[in-house]
Peer 1: 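Can you keep this structure in mind? I'll have questions shortly.
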Amino acid sequence: MKEPRILEVRTRILKKNDEVARDMRVRFVRAGVLVVNMVSSPGTGKTAVLKETLARLVARGEACAAVVRDLETNNDARRLAESGAPVRQIMTHGLCHLEADMIEKHLEGWELGLLRYLFIENVGNLVCPTSWDLGESVRLALLSVTEGEDKPLKYPGLFNTSDATAITKIDLTEACEFDRAKALASIEAIRPGMQIFETSAKTGVGIDGWLAFLADRRRVIAGE
Ligand SMILES: Nc1nc2c(ncn2[C@@H]2O[C@H](COP(=O)(O)OP(=O)(O)OP(=O)(O)O)[C@@H](O)[C@H]2O)c(=O)[nH]1
Ligand SMILES: [Mg+2]
């Protein structure tokens, strides 16, 4: 008796989230701002890639901002703010994902029409964030060379709902004996044809390719 009731409540909460997310996506697209939701396990390099991304956009004079979650600290927000871009933090405490209304609340006071890019760094988790639409136009899954090539096969939900994958920390490829071909095949098995970026936030490799992809996507939603 209990199980169906729990499922019903969960379905309703997700449905409400989807409605908020859908409305936000309309607002974002109308404002011409590309919203990117970055999802991976803890420590993959979301903050590192995002900081490099923001710094390069700021240097090019492209208006961008970020919303970052943290369970208990403001470490990531502080690191990201060093890029020069405006950053807001959502403290999630025990929650394993972000929800659309949390993003909506944290955008108050920001003029969306003045932004070209808005990045959301999600909670480090390969499962929970997958079901929660945040109104993004691009969902980026990140997979580091230290995590194992089979992650996409073990956590297909994330890779199946993402628009692109960043393989991160490729400066550590040899030390980790990372099998690149195997990783690419794992991603391809779950989401054939998905755009893949091979990046290192440490050396800067691959970040410009990622920025070019974002610029293309932004032009599409802005109708330019
Ligand atoms: N060698 C190397 N280390 C990296 C790279 N990117 C990140 N790191 C290191 O990996 C660790 C985790 O990176 P973060 O950017 O904090 O990872 P995260 O995904 O934001 O982690 P959470 O927010 O806790 O989920 C840090 O010690 C980084 O310095 C990289 O490209 N190369
Ligand atoms: Mg982080």
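Basis for what follows: all heavy atoms, side chains included, without hydrogens, waters or symmetry-related copies. Position 1 is the first residue of the sequence; numbering continues from there.
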Peer 1: May I ask you to test the Asp133-Arg25 pair for a side-chain heavy-atom distance under 4.5 Å?
Peer 2: yes
Peer 1: Side-chain heavy atoms under 4.5 angstrom apart, residues restricted to Ile, Leu, Val, Met, Phe, Trp, Tyr: same cluster for Val68 and Leu98?
Peer 2: no
Peer 1: For Leu95 and His97: C-alpha separation, side-chain torsions, deciding distance, then whether side-chain contact (heavy atoms from CB on, under 4.5 Å) applies.
Peer 2: CA-CA 6 Å; Leu95 200 65; His97 61 268; 4.0 Å; yes
Peer 1: Identify every side-chain donor-acceptor pair in residues 30-37 under 3.5 Å, counting partners at least two apart or on other chains, and give the distances.
Peer 2:
unit_1	atom_1	unit_2	atom_2	d
Asn37	OD1	Asn122	ND2	3.1
Asn37	ND2	Glu136	OE2	3.2

Peer 1: Going by heavy atoms in the side chains, are Gln195 and Arg217 under 4.5 Å from each other?
Peer 2: no
Peer 1: Any idea which heavy atoms bring Phe197 and Gly209 closest together, and the distance?
Peer 2: CE2-O, 3.5 Å
Peer 1: Checking side-chain hydrogen bond (donor to acceptor under 3.5 Å, both in side chains) between Arg139 and each of Thr165, Asp163, Thr161, which is the one that passes?
Peer 2: Thr161
Peer 1: Would Ile167 and Leu153 show up in the same hydrophobic cluster when neighbours are defined by side-chain heavy atoms closer than 4.5 Å?
Peer 2: yes
Peer 1: For Trp132 and Leu14, run side-chain contact (heavy atoms from CB on, under 4.5 Å): C-alpha distance rounded to whole Å, both residues' side-chain angles, the deciding distance at 0.1 Å, then the answer.
Peer 2: CA-CA 7 Å; Trp132 297 86; Leu14 277 172; 3.8 Å; yes
Peer 1: Kindly compute the distance separating CG (Leu54) from CD (Glu62), expressed to the nearest 0.5 Å.
Peer 2: 12.0 Å
Peer 1: Is the cationic atom of Arg56 (NZ for Lys, CZ for Arg) positioned less than 6.0 Å from the six-membered ring centroid of Trp210 and within 45 degrees of its normal?
Peer 2: no
Peer 1: Using atom types as modelled and distance alone, determine if a side-chain donor or acceptor of Arg88 lies under 3.5 Å from a backbone N or O of His106.
Peer 2: yes
Peer 1: Between Thr130 and Val127 (side chain of the first, backbone of the second, donor and acceptor by atom type, cut-off under 3.5 Å), is there such a pair?
Peer 2: yes
Peer 1: Are Val87 and Trp110 joined in one hydrophobic group, where the rule is that I, L, V, M, F, W and Y side chains link up if heavy atoms are under 4.5 Å apart?
Peer 2: no
Peer 1: Might you point out which heavy atoms bring Gly148 and Leu143 nearest each other, and give the distance in Å?
Peer 2: O-CD1, 3.7 Å
Peer 1: Nearest 0.5 Å please: distance from the CD1 atom of Ile170 over to the SG atom of Cys176.
Peer 2: 12.0 Å
Peer 1: Specify the closest pair of heavy atoms between Ser41 and Glu147, including all atoms of both residues, with the distance to one decimal.
Peer 2: OG-OE1, 2.8 Å
Peer 1: Salt bridge (charged side-chain N to carboxylate O under 4.0 Å, His left out): which pairs involve residues 182-195, sequence neighbours left out?
Peer 2: none
Peer 1: Once rounded to the nearest 0.5 Å, what's the spacing between atom CE of Met38 and atom CG of Leu140?
Peer 2: 5.5 Å
Peer 1: Roughly how far apart are Glu198 CD and Thr173 OG1, rounded to 0.5 Å?
Peer 2: 8.0 Å
Peer 1: Roughly how far, to the nearest 0.5 Å, is the CG atom of Leu80 from the CG atom of Asn74?
Peer 2: 11.0 Å
Peer 1: Take Ser137 and Val29, measure what side-chain contact (heavy atoms from CB on, under 4.5 Å) needs, and give me the verdict at the end.
Peer 2: CA-CA 8 Å; Ser137 289; Val29 170; 4.3 Å; yes
Peer 1: Can you give me the closest heavy-atom contact between Pro86 and Cys64, atom names plus distance?
Peer 2: CD-O, 3.2 Å
Peer 1: Look at the side-chain heavy atoms of Ile, Leu, Val, Met, Phe, Trp and Tyr, link any pair under 4.5 Å apart, and say whether Phe119 and Ile221 land in one connected group.
Peer 2: yes
Peer 1: Using side-chain contact (heavy atoms from CB on, under 4.5 Å), reason through Val67 and Ile90 one step at a time and then give a plain yes or no.
Peer 2: CA-CA 7 Å; Val67 177; Ile90 303 179; 3.5 Å; yes
Peer 1: Is there a donor-acceptor contact under 3.5 Å from the side chain of Asn17 to the main chain of Ala100?
Peer 2: yes
Peer 1: Check whether any side-chain heavy atom of Leu172 sits under 4.5 Å from a side-chain heavy atom of Phe178, and report yes or no.
Peer 2: no
Peer 1: Can you name the side chain to side chain donor-acceptor pair (under 3.5 Å) partners of Thr47, sequence neighbours left out?
Peer 2: Asp76, Glu121
Peer 1: For residues Ser40 and Lys46, is any side-chain donor paired with an opposing acceptor at under 3.5 Å?
Peer 2: yes
Peer 1: Quick check: is Leu214 connected to Leu142 through a chain of hydrophobic side chains (ILVMFWY, heavy atoms under 4.5 Å apart)?
Peer 2: yes
Peer 1: Taking the side chain as every heavy atom from C-beta outward, state whether Tyr117 and Thr53 have any atom pair closer than 4.5 Å.
Peer 2: no
Peer 1: To check you understand the geometry: which heavy-atom pair defines the closest contact between Asp179 and Glu149, and what is its length?
Peer 2: N-OE2, 2.7 Å
Peer 1: Donor-acceptor check, side chain of Thr168 to backbone of Thr44, threshold 3.5 angstrom: yes or no?
Peer 2: yes
Peer 1: Counting only heavy atoms not in Glu174, do more than 12 sit closer than 6.0 Å to its CD atom?
Peer 2: no
Peer 1: Nearest 0.5 Å, what's the CD-OG distance between Glu52 and Ser200?
Peer 2: 9.0 Å
Peer 1: Taking all non-hydrogen atoms of both residues into account, name the closest pair between Met194 and Phe159 and its distance.
Peer 2: CE-O, 3.5 Å
